[in-house]
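Just so you know, these numbers use all the heavy atoms, side chains as well, and skip hydrogens, waters and symmetry mates. The first residue of the sequence shown is numbered 1, and numbering continues consecutively from there.
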Amino acid sequence: MFQRLLQKHLARGILGRKMLSIDKGSIALASDLGLKRTENQDRTALMKFRSSTASYTVIAVVDGMGGMRDGEKSAEIAISTFLCSIMENVHLGSKHAIMQATMTANNAVFEFTNGKGGSTLSAILLASDGTHMTVNVGDSRIYAKESIFGKVIRLTVDDSLAETVGGSGTELLQFIGMGEGIRPHVVPLPLEAKQVYLTTDGVHYIEPNTLSDIIKHAEKITQVVERLIATARWCGGPDNATVSAIDLELLNFEEPLDDASIVQISDPHSSTQFIFPQFQLESEVSLPETSVQTQNNSINIAQSEKSAAPSRTSTLVEEKESITETVKVEAKTPPKRKKRQSKKAVDHLDSADEVQIKMTIFDEAGCESHEVEDDDSK
């Protein structure tokens, strides 16, 4: 299924620091291992997709709970399940979709850890119809910079003893994977928000006033992200630090499509497009288990005759023994090629299912991926 494929795709850990800036600087994703950890249990991803009625952008950050079982794997399950569930339920409305996605992610992680492991979750769902929603579980956070006076406001409260009930300690009262009793904090994004920042707790070692000053005085969100990651290291880098940011004034929503077949996934490594032939997002996003094949040639996706960016193409082939619904295939079908397993592909999943999906990994014009440098610029 697509969730398992996405989970493997987002399983690429980050050693050191990595950052990706896309869509002409309107979105930035970065993560840093820190100075004390041996593995990065943070994950962040952006998903862009379209339906027949609206276009959507989703950004999520998760932080695996290192003191519990399989924190890194829990984070991967949480974020991949959350994103897939958003697509499955968005036709029911943004609020319902983000709530259901959070509950589904909680159940999936609980099934894996039996309540003995989990992750945090902070996410934002933006829709071209203006229904923007946020969700938070745990101690990852969401900040917003207001459009008029540039004031930085924190939109979330940590699910910790200290912040929720005024006690002491950083133990979490709820997290993704706890099972029954979870109560996600789902609220609309304030209308005055100009920029939005999602952070994991490695960033929270920065003194609050310093964090606000960094956000307030930088001209671009890419500068903010670089400086927050660098400053977290200067504070000792005791934990993984992840920041994802979006500039709402620069963000452009694409037009809705009746054939909503393209899903873009970005993380600090790269941007990837999953192309589902004649795929409707209003239907359930449950695909058979997949294996990845490669092609020697590259294709131009998203009808981009205007794009000059190079593409690296791989074809994901899933086999299905019986299909209850007819899958429509475009008239122009590329010639069959001898299939071989890509060395960069995900592990082969044994399946008797067949549905063909194309995945194109590309570097857009204006898409920059690089190591985050210590930023001492003003």
Side-chain angles (χ1 to χ4, degrees), residues 1-8 10-11 39-45 47 58-90 92-125 133-142 155-187 198-201 204 239-240 242 284-286 289:
M1 58 190 297
F2 180 56
Q3 182 274 327
R4 293 188 62 181
L5 174 63
L6 186 56
Q7 179 183 332
K8 288 180 177 292
L10 296 176
E39 65 178 8
N40 193 335
Q41 296 188 352
D42 290 357
R43 292 293 184 271
T44 184
M47 179 176 69
V58 187
I59 300 180
V61 298
V62 295
D63 179 4
M65 299 172 65
M68 302 180 75
R69 170 187 167 189
D70 296 322
E72 187 174 22
K73 187 68 172 293
S74 296
E76 294 162 5
I77 294 173
I79 194 168
S80 59
T81 304
F82 176 81
L83 294 177
C84 287
S85 182
I86 287 282
M87 288 195 298
E88 292 178 8
N89 295 286
V90 75
L92 299 175
S94 295
K95 183 176 181 179
H96 175 91
I98 202 168
M99 175 63 81
Q100 184 59 48
T102 305
M103 302 301 288
T104 302
N106 174 60
N107 293 338
V109 176
F110 180 80
E111 183 178 353
F112 172 66
T113 65
N114 197 28
K116 299 179 180 179
S119 79
T120 67
L121 169 68
S122 289
I124 179 172
L125 170 59
M133 303 298 300
T134 67
V135 64
N136 182 70
V137 175
D139 62 358
S140 296
R141 296 174 182 173
I142 305 176
L155 302 180
T156 57
V157 176
D158 294 351
D159 287 319
S160 63
L161 286 172
E163 293 207 0
T164 302
V165 297
S168 60
T170 59
E171 294 83 1
L172 294 183
L173 300 179
Q174 65 172 0
F175 53 90
I176 299 297
M178 65 179 286
E180 295 183 1
I182 190 170
R183 295 183 179 181
H185 309 290
V186 175
V187 296
L198 295 85
T199 61
T200 60
D201 59 356
H204 307 157
D239 201 352
N240 308 144
T242 297
E284 183 179 358
V285 189
S286 295
E289 296 183 349

Query - Gln41 backbone acceptor or donor facing Asn240 side chain under 3.5 Å - result: yes
Query raised in the report: Looking at Gly64 and Ala75, what are the two nearest heavy atoms and their distance?
Result: N-CB, 3.8 Å
Query - Check: Ser74 side chain, Asp70 main-chain N or O, donor-acceptor pair, under 3.5 Å - result: yes
**Report entry** Reference residue Thr200; test side chain to side chain donor-acceptor pair (under 3.5 Å); the match among Thr120, Asp42, Asn40, Thr44
**Finding:** Asp42
Query - Flag, side chain of Gln7 to backbone of Ser80, donor-acceptor distance under 3.5 Å - result: no
Requested in this report: Examine distances only and state if a side-chain atom of Thr113 and a backbone atom of Gly118 form a donor-acceptor pair shorter than 3.5 Å.
Outcome: no
Query raised in the report: Do Thr156 and Arg141 come within less than 4.5 Å of each other through their side chains, counting heavy atoms only?
Result: yes
Report task. Specify the closest pair of heavy atoms between Ile86 and Ala97, including all atoms of both residues, with the distance to one decimal. Result -> CD1-O, 3.8 Å
**Report entry** Asp63 side chain reached by Thr242 side chain, heavy atoms, under 4.5 Å
**Finding:** no
Query - CD on Gln100 to CG on Leu92, rounded to 0.5 Å - result: 9.0 Å
Query - Check: Thr164 and Asp158 side chains under 4.5 Å, non-hydrogen atoms - result: no
Query raised in the report: Does any non-hydrogen side-chain atom of Met99 lie less than 4.5 Å from one of Val135?
Result: no
Query raised in the report: What's the shortest heavy-atom distance between Leu10 and Glu76, and which atoms?
Result: O-CG, 4.3 Å
**Report entry** Closest non-hydrogen atom pair between Leu6 and Cys84, with its separation
**Finding:** CD2-SG, 4.1 Å
Query raised in the report: Heavy-atom distance under 4.5 Å between the side chains of Asp159 and His185, does that happen here?
Result: yes
Query raised in the report: Taking everything shown except Glu171 itself, do over 12 heavy atoms lie less than 6.0 Å from its CD?
Result: yes
**Report entry** Nearest atoms (heavy-atom pairs only) where Gln174 meets Gly181
**Finding:** OE1-O, 4.4 Å
Report task. Report the residue from Val109, Thr104, Ile98 that forms a side-chain contact (heavy atoms from CB on, under 4.5 Å) with Phe82. Result -> Ile98
**Report entry** Shortest non-hydrogen contact from Phe110 toward Gly115
**Finding:** CD1-N, 3.4 Å
Query raised in the report: Can any side-chain N or O of Asn106 pair as donor or acceptor with the backbone N or O of Gly179 at less than 3.5 Å?
Result: yes
Query raised in the report: So Glu72 and Arg43, salt bridge (charged side-chain N to carboxylate O under 4.0 Å, His left out) or not? Walk me through it.
Result: CA-CA 8 Å; Glu72 187 174 22; Arg43 292 293 184 271; 2.7 Å; yes
Report summary line: Exactly one candidate in Leu198, Val62, Asn136 meets side-chain contact (heavy atoms from CB on, under 4.5 Å) with Leu121; the answer is Val62
Query raised in the report: Got a second to check how far Thr134's OG1 is from Ile59's CD1, nearest 0.5 Å?
Result: 12.5 Å
